[in-house]
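First comes the structure, then the notes that go with it.
Note: hydrogens, waters and symmetry copies are ignored here, and every other heavy atom, side chains too, is used. Reminder, nothing fancy here: chain letters follow the sequence lines and each chain counts from 1. Quantities reported herein were computed from a predicted structural model and do not represent experimental measurements.
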Amino acid sequence: MSAGSRLENANPVIFQRSGERRLTAAEEEENVDDPIDDREIFDLIRTINDPEHPLSLEELNVVEQIRVQINDAESIVGIEFTPTIPHCSMATLIGLSIKVKLLRSLPNRFKIDVHITPGTHASEDAVNKQLADKERVAAALENSSLLEVVNQCLTNRNI
Amino acid sequence: MAADTSLLPSLVEEFVSGLQDNKAKEVATGVTEGKFAILQLVEALEESLTSSQPQTRARGIQLLSEVLNRCHGNLTEREVEVLIAFYENRLKDHYVVTSSVLQGLGALSKCKMLPPGSAVSMLRSLFQDVHVQSLMLAERSCVYNMLINLMETREAELKGLGSDFVFGFVQSMDGERDPRNLLLAFQIAKNIIYRGYDLGKFTEELFEVTGCYFPIDFTPPPNDPHRITKEELIEALRAVLTGTPKFAEFLLPLLIEKIDSDVQSAKLDSLQTLAACVTHYEHKDLAEYLDGLWTSLRREVFQTSSEKIESAGLAALTALTSCVSSSVLSSESEDVLSSFLDLVLRDCKHHLSEPDLKLVWPSAKLLQAACSASIRASHIVTSAAMPSLIEQYSNRTQCSQRRTLLEVMLRFLQSVKTSQSPDNDESVFVSMRESLCSTVFSALSENNSSLQITATSMLTSLAQQTGLLLDSDVDVAVDHLIRLLLIEDDDCVSLAVVESARALAQLHPDIFISKLIPRLKTELFSEPMDQDKNRAASGQHSHHAVRQRCLSALAAVSVQPSIVLESTPVLLEVLNSAHTGSISFSVEEVVSTCHSLQKIAEQVEDTVETGLCFHVTVLPRLFSLALQGALQGEKSSGGRSPLLDEQVLSAMVSVVSTSCSRLQPMLAAETAKKVVSLFLDADVSLLPDNSFPSQIQLLKGESWSQSQMVCLLMGCVCSLPRSVEVPQMNRLLSQLEEMSCTCSHHLSFTSAAKCFSGLVNKHPQGEALDSLIQSTLKTVCGELDSTSSTVRTQAFTLLIWVAKALLLRYHPVSATLTDKLFSLLNDSDLGPMAADGFSLLMCDSEDVLNRRCHADIRIMYRQRFFSENSAKLVQGFNAAPQEKKSNYLKALSNIVNQLPKQVQITELPALLTLLLEALSCPDQGVQLSTLSCLEPVLIDPPPAIIQQLEALVSRLLALISSPAMKVKIVSLRCVHALSQFPTHEILPFRARVIRALAQPLDDKKRLVRREAVRARGEWFLVGSPGGR
């Protein structure tokens, strides 16, 4: 973040972080099955770093647990994310980061759909189309400078 | 003498023409021993010194210099004077001689007998005739060392040189590149500044010649023998740059420029240097840069993504503000502090009214950093910021906003705390006392846990500043705390409430005695059905939780002796009612009651008052209740007292042990005496009520309920300070030994063995001890060696505890005992138990043989044990039959697990093959304990592991699909740790690991999936752009 570049949104609204998921007795039980649920998916994506701010997507309210749809039996995941401002130029990058994080973290039986919350971004359709296109996602990840930014978003920050 | 006169020329000859360097040493020895004078040496050198060959002259001077270096202490003033004159003259000679000349001058600079004026003349000729930066590295270093030597001994003379000295130095170091020499040069510069040399008109030159290295960017070459670190250079340079306010006009613009650097370390260095330099400055030095500095600091704190930089920025702001604060106010000039703080407030204050937005915290932190600088700054900042925060708090309705506001206020309260001076201790916040109190009370009555938690911390902060909480406020506060304690289910809230109660009780014990303790007592003794009759089950549950909270609160507030006198009777009353059954308490509640008593004994100040309370009231009551329970246990079969429960007993042991080890040794000795005669002679004088039968035999009783009471005996006699003697030691030991070898009740014989070992550990060295151990050893081995014995387990337990007691104190016999243990690894019945026994040997025990119990524990006994026995273990493993090998592996991982990390890393290479073997051992216990001992080592891997990477990776990946959840989790953690290894080593495994980790992503257990996700995420980053 060099001094010359101005942030698009220098003083965004900050939301509270939800704590660690509480450990239940059933989760420690060897023989009980724990299905993958919306909170688990949310835990995967809430800690992704924003490309601009030293904040997580959860703190910026870009992702919310209620905007996570999951059907473990049918292996379908749907995520809606909300850019902080309608003209956010980072929307595609954020979507890509979410998608990559899920690709790396979920069993490959899942079909993963990431799109913008309807009505929250100026070029919603274009971004959704890019994110849904498998080939374009794969091509994007071949681009090393793009991959670099995505990896930075997915790197654990010690907060 | 004749021999000597011929010896010297021959030595000189051999050195100069024969090029034998070691002859210099011989000559030097001769000079030191007085065989020849230095003048004779010069005469002997005549030929070479006047030679027309510069190389020969150099060689001659080299000999002289080396000799001087070795014996500069023996020279007379006259000799030194002549030599200096000679050397000064030689500086003008051919360049090949310069090196030796400088060496000689360096040696002369160390002379004690330096004639007056010679230091100045040496330096003048040096600065005049030598261009330092065209010399070689070692020669430059020689020049710097010479300067350092002269500065140490001839300060007054050098100062007489005036600014010429500074100029000469500036010229000498200008362009220096070697880090070793830079450290020397920085030291000279520091001396110049701190010892008050006249900088004259060369201030800027001196700054330029050192400041050009700022910020230091230096990476030592690998395997650097000189071990110079970047930090050393940074510290040395910082000391120079920040040393004098005269540098301010040059340094501050440089810092402003470098704070804006793109390199993080440069930013950090600049901020830290800023904080360091302003402590020496006055306002006039930095007046014109204040605006610029503030802009830079604000930008860094607002925009940074690194916590280090943020805290360095805040520290710099604090330093800056305290510098401005200390400027003297004069009537005509403006108040510089308030105008600076106006600037800060102007930029930050408005962000405080947007508690949702990102910049609220950076702004608050900046204000708080300024606030903590001085009392005046605290007044100005808080009176500007706090009223609006308080007002917003009452106007806003959203919980998240109110919480942010409350937390910001809390930080303000905490940040002024440091700037209180003892003589003027009225708090900065006195004027807002009422509104602060009402804010806290309103937050405490909110229904939101995070608000409540912040409010309790704020309450603590208010209480800690004089004059903010009046007695009436404390009254209200205690009411709030009680209410929260009784109704709030959230664990975090009750923890915060209990902590706050602890802090307040320290300051206002009376109010807690009169209000809190009676209220908690009523609550503890109310029957669950009184509250909600309808919802029996959930009511039961919540009632239990309330009781637990009351118990922990009782322990927490008992920080003053006066409170302890009130709280312990309540807890004893609980135990009594639980025993009689008049009010029902669950086992868990009784255990918590004991834990509370133990906590009190642990935290309370050790006074006669509290000592009496525990030794005269609490302990006798405990023993009496336990004995009543034990006696009753036999008669009534239906209503068994909860005091018979093993958990309760061990909780009671911790009360006894803590009081005996910590409180009033004299009283503890008295207690111990009575306890021992209770157990040996059935003397009940300890117990408060005398309704006990006289024929009780606690150490020989057949019933388990009586025999298990031996653990209380252990708690008492094994925790006494070593200065207190245990009465009737020999009788006690023999009865304990007998009991531990004959009794069949597990808790009883284990406790007897522990008690025995606790006494053996503290037993004075000597024959008595040796014969005691021998006889015990004989009994134990006798039982262990007869396979038909029914008490082999008992004998084994005694063996292992005695082994531990002796191992801790380095007793020579302990080796015999551990050898016996090793041999038992092959035993078909006791083998697995022996393997587990090694973890008992290496771990700290909870209730006996630990430092709290004043046990005799030598440092590093674990390392010693390991180094003495690891070879035996490896041998045993190799010799053992296949089915016994797992015992050895388990024993090994038990031992290695407990070693300090440093030792693990050094020992691991030797054991690695065995540990890898253990990973492929089918026993899950062995796998788990090996994994848990590998995991911490992998975080900072020794080279040996990297060499075995292939084997390690394959075994770990195999364990990922283990059927046991715990094995899966720890092996995934290990795979995760591997991802932090040097990239070039692990890159070849990347694809394989990522593929293997796909499967546990779909594990049925969430905890396994979580670890898999973490590990896989990290492995994706290996060798990928933007990753690692």
Task: Short N-O contact, B:R299 and B:D347, less than 4.0 angstrom - done: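 No salt bridge links B:R299 with B:D347.
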Which atoms of [X] are under 4.5 Å from chain B, going by heavy atoms: the side chain, the backbone, both sets, or neither?
| X | answer |
| --- | --- |
| A:L146 | neither |
| A:E40 | side chain |
| A:V32 | both |
| A:L44 | side chain |
| A:L147 | both |

Largest heavy-atom contact set with chain A, pairs under 4.5 Å, which of [options]:
| options | value |
| --- | --- |
| B:P355, B:P1000, B:A964 | B:A964 |
| B:D1003, B:V1013, B:L359, B:V360 | B:L359 |
| B:E300, B:K1005, B:R403 | B:K1005 |

Task: For A:F110 against A:V77, the heavy-atom pair lying closest together - done: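 Looking at all heavy atoms of both residues, the shortest contact is CD2-CG2, 3.4 Å.
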- [ ] For B:S1024 and A:N151, work out which heavy atoms get closest and say how close.
- [x]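 Taking B:S1024 first and A:N151 second, the nearest heavy atoms are OG-ND2, 2.7 Å.
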- [ ] Using non-hydrogen atoms and a 4.5 Å limit, figure out which bit of B:R1016 sits close to chain A: side chain, backbone, both or neither.
- [x]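 The side chain, not the backbone.
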- [ ] Name the region of B:Q999, side chain, backbone, both or neither, that has any atom closer than 4.5 Å to a heavy atom of chain A.
- [x]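 The answer is neither part of B:Q999.
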- [ ] Please assess B:S353 against B:Q392 for the test side chain to side chain donor-acceptor pair (under 3.5 Å), listing each intermediate value before the final yes or no.
- [x] CA-CA 7 Å; B:S353 39; B:Q392 279 189 73; 4.9 Å; no
Task: 4.5 Å side-chain heavy-atom contact, B:H351 and B:F302 - done: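 Counting from C-beta outward, B:H351 and B:F302 do come under 4.5 Å.
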Task: Check: A:P12 and B:K358 side chains under 4.5 Å, non-hydrogen atoms - done: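 B:K358 reaches A:P12 side chain to side chain.
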Task: Options A:L106, A:I36, A:L154, A:N108, ranked by heavy-atom pairs under 4.5 Å with chain B, top entry - done: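 Answer, by heavy-atom pair count under 4.5 Å with chain B: A:I36.
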TODO: Output the option from A:C153, A:P35, A:S145 having the highest count of non-hydrogen pairs under 4.5 Å with chain B.
DONE: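 The answer is A:P35.
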Open item on the list: Looking at B:I309, is its backbone amide N or carbonyl O close enough to the side chain of B:S306 to form a donor-acceptor pair, meaning the two atoms are under 3.5 Å apart?
Closed with: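 It does hold such a pair.
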Open item on the list: So if I apply the side chain to side chain contact (heavy atoms under 4.5 Å, CB included) rule between A:I79 and each of A:I112, A:I41, A:I70, A:L131, which one comes out positive?
Closed with: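 With A:I79 as partner, A:I112, A:I41, A:I70, A:L131 yield a single side chain to side chain contact (heavy atoms under 4.5 Å, CB included), made by A:I41.
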